[in-house]
Amino acid sequence: MAEPERTERRLRPAPLLFEPSEAVTDPEHFFDLESIEDPRELLARATELTVAFRAAQDRAVEFQALAAAQLADPRRFDRLAPADIAERAQWTEDYARKMIEFGESLVRDGGDADVS
């Protein structure tokens, strides 16, 4: 069965703003959500953040895969074995191989991540 297209990645999520350092020390503080009293507004903003974090995670995984593929490229004189990539990324060796393959497919298919 063909993998469904990932159209949610095309959505532009709400920007992730960095929190002030004093807010980070307060464990109850999270992107100022605790100060929103209207449940409709809270749901909307929390949903925006959820979409943004998911999009950021997808993007980061693509860049991990591209880097893994580049590091494993046999044309590189300093290429790394999957075991070495796994150790650096704190993955299993099997997962590193899968990420290398995924990265190679992104490069081959033109991928969404910019590797230039």
Undergrad: Output the distance between atom CD1 (I100) and atom NZ (K98), rounded to the nearest 0.5 Å.
TA: 12.5 Å
Undergrad: Looking at E93 and R97, does any basic side-chain N land under 4.0 Å from a carboxylate oxygen?
TA: yes
Undergrad: To the nearest 0.5 Å, what is the distance between CD on Q70 and CG on L80?
TA: 12.0 Å
Undergrad: Please check if atom CZ in R76 has more than 12 non-hydrogen atoms from other residues, nucleotides or ligands closer than 6.0 Å.
TA: yes
Undergrad: Drop me the distance from R54's CZ to L49's CG, to the nearest 0.5 angstrom.
TA: 11.5 Å
Undergrad: Starting at CZ of F63, measure out to CG of L106 and round the result to the nearest 0.5 Å.
TA: 10.0 Å
Undergrad: Just verifying a value: how many Å separate S105 OG and L66 CG, rounded to the nearest 0.5 Å?
TA: 8.5 Å
Undergrad: Where do A96 and I85 come nearest, in terms of heavy atoms and distance?
TA: CB-CG2, 4.5 Å
Undergrad: What is the distance from atom CG of L43 to atom CD of E41, rounded to the nearest 0.5 Å?
TA: 11.0 Å
Undergrad: List in chain and number order the residues that pass side chain to side chain donor-acceptor pair (under 3.5 Å) with E87, two or more places apart in sequence or in another chain; answer none if no residue qualifies.
TA: none
Undergrad: For D84, enumerate each residue passing the side chain to side chain donor-acceptor pair (under 3.5 Å) test, keeping only those at least two apart in sequence or located in another chain.
TA: none
Undergrad: Is any side-chain heavy atom of D73 closer than 4.5 Å to a side-chain heavy atom of E104?
TA: no
Undergrad: Who pairs with T92 by side-chain contact (heavy atoms from CB on, under 4.5 Å), at least two apart in sequence or on another chain?
TA: D94, Y95
Undergrad: Could you tell me which non-hydrogen atom of V61 sits nearest to which non-hydrogen atom of M99, and how far apart they are?
TA: O-CE, 3.6 Å
